[in-house]
Amino acid sequence: MPFDVAETDRLLTTTRSVRRRLDLDRPVPREVVEQALEVAVQAPTANNHQNWRWLVITEAGVKEKLAEMIRSSWAFHRNDMWTNAGRRRNDAQARRNYDSAQALTETIAAVPVLVIPCVLGRPPDIAAINARWRARMADKIADDPGHLVQHGETRASIFYGSIFPAIWSFQLALRSRGSAARSRACTCRTNARPGACSAYPQGSRRSA
């Protein structure tokens with residue numbers, strides 16, 4: 001059955017980053033979140049790993065503790081971002097983006113549902129992987145194309161990048177069901193497993 005191209009294009013081209021316009025008082029039914037997740041896990045992953053886990057948080061106390069970590073992470077990110085922004089700090093659009101990100105940081109504990117996408121496994125050690133590859137290539141001729149390969153960066157992009165199609169599908173599925181979503185990358189600024197979120201799957205990394 002053919003898709004309604006106009007309606008599909010409208011969904012894809014009008015879904016925006018929502019920060020200040022989130023309705024914090026409107027409950028999000030559990031079945032809506034579950035339906036959106038069922039859509040999300042149909043997304044492709046590199047090597048068909050499907051090594052994702054999704055943590056759905058609705059308990060107020062846990063959300064507040066997670067919000068504390070997000071605010072801490074945002075403080076580090078904000079200072080680094082603004083230091084490197086240079087003259088862009090005076091750009092009106094950049095200022096609006098900054099202000100809306102700050103506003104979400106302040107209200108995120110009041111968001112009805114927080115969904116944390118996680119990736120199972122440890123992030124690839126880029127330097128170690130590349131060093132092992134260079135050792136393998138040490139006896140190859142100088143013009144062997146293998147000398148140009150950077151396996152570390154490739155594996156890192158697969159590890160972190162594979163879940164983002166699913167995150168986008170999740171957001172689109174929510175939008176099509178009348179709910180808004182906003183992805184937030186700076187969840188925790190350390191690799192330690194935070195006590196506030198002890199339900200994180202063992203051996204996983206937060207991705208958004």
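Because only heavy atoms are used, hydrogens play no part in the values below, and waters and symmetry mates are left out as well, while side chains stay in. What you see is a predicted model, and the numbers here were worked out from it, not measured in a lab.
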Got [X] and [Y] here, is their nearest side-chain heavy-atom distance under 4.5 Å?
X      : Y      : answer
Arg53  : Leu120 : yes
Ile126 : Arg155 : no
Leu24  : Val111 : yes
Trp74  : Leu104 : no

What pair of heavy atoms forms the shortest contact from [X] to [Y], and how long is it?
X      : Y      : result
Phe170 : Ala40  : CB-CB, 3.7 Å
Ser169 : Val39  : O-CG1, 4.3 Å
Lys63  : Ile57  : CG-CG2, 3.6 Å
Tyr160 : Pro123 : OH-CB, 3.1 Å
Lys140 : His147 : O-NE2, 3.7 Å
Trp54  : Ile167 : CH2-N, 4.1 Å

Applying the 4.5 Å side-chain criterion to the ILVMFWY set and letting contacts propagate, would [X] and [Y] be lumped into a single cluster?
X      : Y      : answer
Leu55  : Leu66  : yes
Trp168 : Val113 : no
Phe164 : Leu172 : no

Euclidean distance, [Y] [atom2] relative to [X] [atom1], rounded to 0.5 Å:
X      : Y      : atom1 : atom2 : value
Asp4   : Leu11  : CG    : CG    : 11.0 Å
Leu174 : Gln35  : CG    : CD    : 10.0 Å
His151 : Ile158 : NE2   : CD1   : 10.0 Å
Gln150 : Ser157 : CD    : OG    : 12.0 Å
Ile108 : Glu68  : CD1   : CD    : 12.5 Å
Ser179 : Gln171 : OG    : CD    : 12.0 Å

Check the pair Val56, Leu37 against side chain to side chain contact (heavy atoms under 4.5 Å, CB included), reporting the backbone distance first and the verdict last. CA-CA 10 Å; Val56 179; Leu37 286 173; 4.0 Å; yes
Verify whether one side chain among Thr15 and Arg175 offers a donor that lies under 3.5 Å from an acceptor in the other.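 Checked: Thr15/Arg175 side chains pair up, N/O donor to acceptor below 3.5 Å.
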Mark yes or no for whether [X], through its side chain, and [Y], through its backbone, hold a donor-acceptor pair below 3.5 Å.
X      : Y      : answer
Thr45  : Gln50  : yes
Asn130 : Gly152 : yes
Ser162 : Ala46  : yes

Under the salt bridge (Lys or Arg N to Asp or Glu O under 4.0 Å) rule, what do Arg177 and Glu31 come out as? Steps first, then yes or no, please. CA-CA 11 Å; Arg177 288 162 174 77; Glu31 59 267 23; over 6 Å; no
Under 4.0 Å between a Lys/Arg side-chain N and an Asp/Glu carboxylate O for Glu59 and Lys65? no
